[in-house]
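This report refers to the structure that appears directly beneath it.
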Amino acid sequence: MSELLSDLNSAQRAAVTAADGPVLVIAGAGSGKTRVLTTRIAYLLEQGLSPSQILAFTFTNKAARQMQARVADSVGDERAPFWIGTFHATGARILRTHADALGLPRDYAVYDADDQKRLLKRVLADLQLDPRQFTIAGARQAISAWKNADTDADQALTAAVGYIDAVHAKIYRAYQEALRSCRAFDFDDLILETVHLLEQHAPVREQYASRFHHVLVDEFQDTNPLQLLLVRLLSSVHGNVFVVGDDDQAIYGWRGARVENMLEFETLFRGTQIFRLEQNYRSLGNILDVANAVIARNLRRKGKSLWTTAERGDPVQVEEHLDAEDEAARLVEIVQAEQARGRPRGDIAVLYRTNAQSRLLEEALRRAQVPHQVVGNVQFYERREVRDLLAYLKLIANPADEVSLQRVVNRPRRKIGETTVVRLLACAREHALPVGDLGARPDLLAEALGQAAARRVTAFLDQLAVWRRAAASQMPVPDLLAAVLHDIDYETFLQADEPETAAFRQENVAELVNDVHAFAEASSGGDLGQYLEQTALVSDQDAMTNGEGAVRLLTMHTAKGLEFPVVVVTGCEDNLLPHASCSDTAAGVEEERRLFYVAITRARQRLYLLYACRRRRFGAYEDSLPSRFLQDVPDRLCERRAGRDAWPQPVARSLFGAADLESTGAGGARGRRPERSPGSRPAADKAPAPRSRLPRAAAAPRTPAATRAAGDQWAEDVVQTPAYYPGQHVVHASFGAGQVVRVEGSGATLTVTVDFAEHGRKHLLPRFAPLHPVD
DNA sequence: GATCGATGATTTTTT
DNA sequence: ATCATCGATC
């Protein structure tokens, strides 16, 4: 035990060893928050608690896995299997366990954002609302807000103020009915229904609340009222609630999170002990002071100031670029310069406010042959063919899943069109039967459909029934998927459907097959329901592997909880950061400032803050101004510079001096760059060597591709796909270590054949499969 | 029922 | 600029 605590500072140790009862740990960025949490769990275990008496909530599945692994490291594997997961995963687990007893459907589906959208689309169409006035996104937002406030549709209708609200409430009701008749829960339901379960069924509540002697919550500042309620219910017997958070990093207000959960914690839980962690172990001094200076501008905060004993480090680099394309080009330079200094690519993270920004950055990196990984965004599970196949599996698991049925009923083509589907669904609804089971009722089908349509539908439903029987008799998920693929002859369909992309799609299918196999191996006999649940609940961050070797591109939100030696924040511009849609309220701007603070505090050693003077929006250039937050970056901590040739000034504000307003210029040329203010460094002279002052090593950076190409291992498209080569040692997240056998295709269709030590030969798409070179 | 071209929205962040 | 959806056509 003493070794457990020996590496902690006194504040951390006090928190870890706190006596029973409610505990609030206010943990600044980089102050060892995760460590305190894991050590606390290990400490409790060493105090004699059984793992089954501990429940912990994390923000992502990845964090859950890491935390479990770290605890296992310090106390041994056999003591480690405590309950840990996201609120959603934990809710799903509890619901699944008690479904039968409560009359809930046992094989309920979990609807993700896409399923939810499709269902809402149908609901909106059924209600015949003006699609201009009532959008899917608007309705979804309203419904989610109600659910997070534990308000049902009837309550929402009663409390509705005004027409829009009232219609949204009606949509809510219709949506909820549709969801239930599909035997599906959406993300919010996973928590809401769990709360209802515990509230309404005292025995179940007692069971969990007495079982869990300690409940711990990470990222507490981003919990919503429902999640808080769940925590209270689960800890209602023992009252040992240990929460860790940072009010300065609350960035999920827009989806119902309430910092107040944290700020009011001590009034909610009597006798709360509070600990503050303010020593930062992550960032060098300049970076930390910039972060402190920025966040100090927020008025609504508990207030803390992080300190460090680390050296100052380099000044933070603040750079102006002409446009987003230039910014992207500069990013490539930065990456190459960092590499030239011996920095692994995996040390570098690129952050942005919106996903849309990633495309340009990604393109620039691809052109420059810099291996990179976009974390989140277009997920593997969101590929169309992958979603199609998952929809088949979902429909097999749950015949009432109308959204999935709609998705696959005519894919491959079975000549079952829109009209037929509408009639089919109406029929199912009318007789309160799962649509997938209608095959057993030829009488109803004959009644609802024409003869030809009924025949085709019957053929499809019969096929479905065969798969269902196979699944019911415990056919392993990989076999089931193989059966589906064979029976629908998906390969032929892909070929016929779109020959140009068939090969690419085929590989996605192969990757899904791999994924299913990996699941089967990892879970040893996990059933279909578990697999589907897992695919529904993956988060953006989960897709980020620990492997080295790729520059990471991710949103600032996704970056929460992570750290990188080098961070490049792009698009530090007003209307982007703070985002235009958040700029009209003080609270909105404060949340955006916290987001900027989160971005800054991800950096350990070097930090770049980039902005562009103009940027395309919907295709056309629009002028942009430096983020107002950049004004809060103290001059003494940073170097401000312009990266490229002289360019027309944006209209008003610039970091380079106040003279801008006068330099509006005439005609086409909008004036030239003004003189630098005394405090800031000049960047480019007007001389034609503007980049020479940029922080880049003098020697031309050598890319790995350039080096390896000499080996002549490469096919002709070596230029496009430099990252993998035969003989190379790689690591895959599920399959472990292996060696590359063959590299085919390029760009998006790049396929790598790998012999894995423990899993044999697999074909992989590095674009989706997390495959990392072992340097 | 499928296909093609025109049209309009899209870019806030996510479990 | 790109994507999804819609309508007209086969």
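Numbered from 1 within each chain, the chains take letters A, B, ... in sequence-line order. Since the structure is predicted, the reported quantities are computational estimates derived from the model, not experimental observations.
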Tell me what [X] touches on the nucleic acid: a base, only sugar-phosphate, or nothing, going by heavy atoms under 4.0 Å.
X	result
A:D112	nothing
A:I416	sugar-phosphate
A:R616	nothing
A:T420	sugar-phosphate

*Comparing A:L576 and A:N410 on DNA chain B - which has the more 5′ nearest nucleotide*: A:N410
*Identify, with sequence neighbours excluded, every residue that meets side-chain hydrogen bond (donor to acceptor under 3.5 Å, both in side chains) alongside A:D150.*
A:H196
_Between A:Y490 and A:F493 (judged by ring centroids, cut-off 6.0 Å), do the two rings come close enough to count as a pair?_
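Yes, ring centres under 6.0 Å apart.
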*Centroid-centroid distance, A:Y175 to A:Y111, less than 6.0 Å*: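 No, they do not, as the ring centres are separated by 6.0 Å or more.
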*asked:* Taking A:K415's backbone N and O only, do any of them form a donor-acceptor pair with A:R456's side chain (distance below 3.5 Å, no angle check)?
replied: yes
*Classify the angle between the aromatic ring planes of A:F59 and A:Y252 as parallel (below 30°), tilted (30 to 60°) or perpendicular (above 60°).*
tilted
*Record whether the side chain of A:S581 comes under 3.5 Å of the base of B:dT12 through a donor-acceptor pair of N or O atoms.*
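Counting by modelled atom types and ignoring angles, a donor-acceptor contact under 3.5 Å is found here.
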For a quick test of reading the model: is some side-chain N or O of [X] closer than 4.0 Å to OP1 or OP2 of [N]?
X	N	answer
A:T60	B:dT15	no
A:N355	B:dT14	yes
A:R617	B:dT11	no
A:T555	B:dT12	no

Is the ring of [X] stacked on the base of [N], with centres less than 5.5 Å apart and planes under 30° off?
X	N	result
A:F87	B:dT15	no
A:F618	B:dT10	yes
A:H557	B:dT13	no

*Starting from C1' on B:dT12, measure out to CZ on A:R594 and report it in whole angstrom.*
15 Å
*Using a cut-off of 4.0 Å between protein heavy atoms and nucleotide atoms, how would you tag nucleotides 2-10 of chain C 5' to 3' with B, S and -?*
S--S-----
*Distance only, no hydrogens: is a donor on one side chain within 3.5 Å (strictly under) of an acceptor on the other, for A:E219 and A:Q221?*
yes
*Using a 4.5 Å cut-off on heavy atoms from C-beta on, say whether the side chain of A:T90 contacts that of A:I94.*
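In contact.
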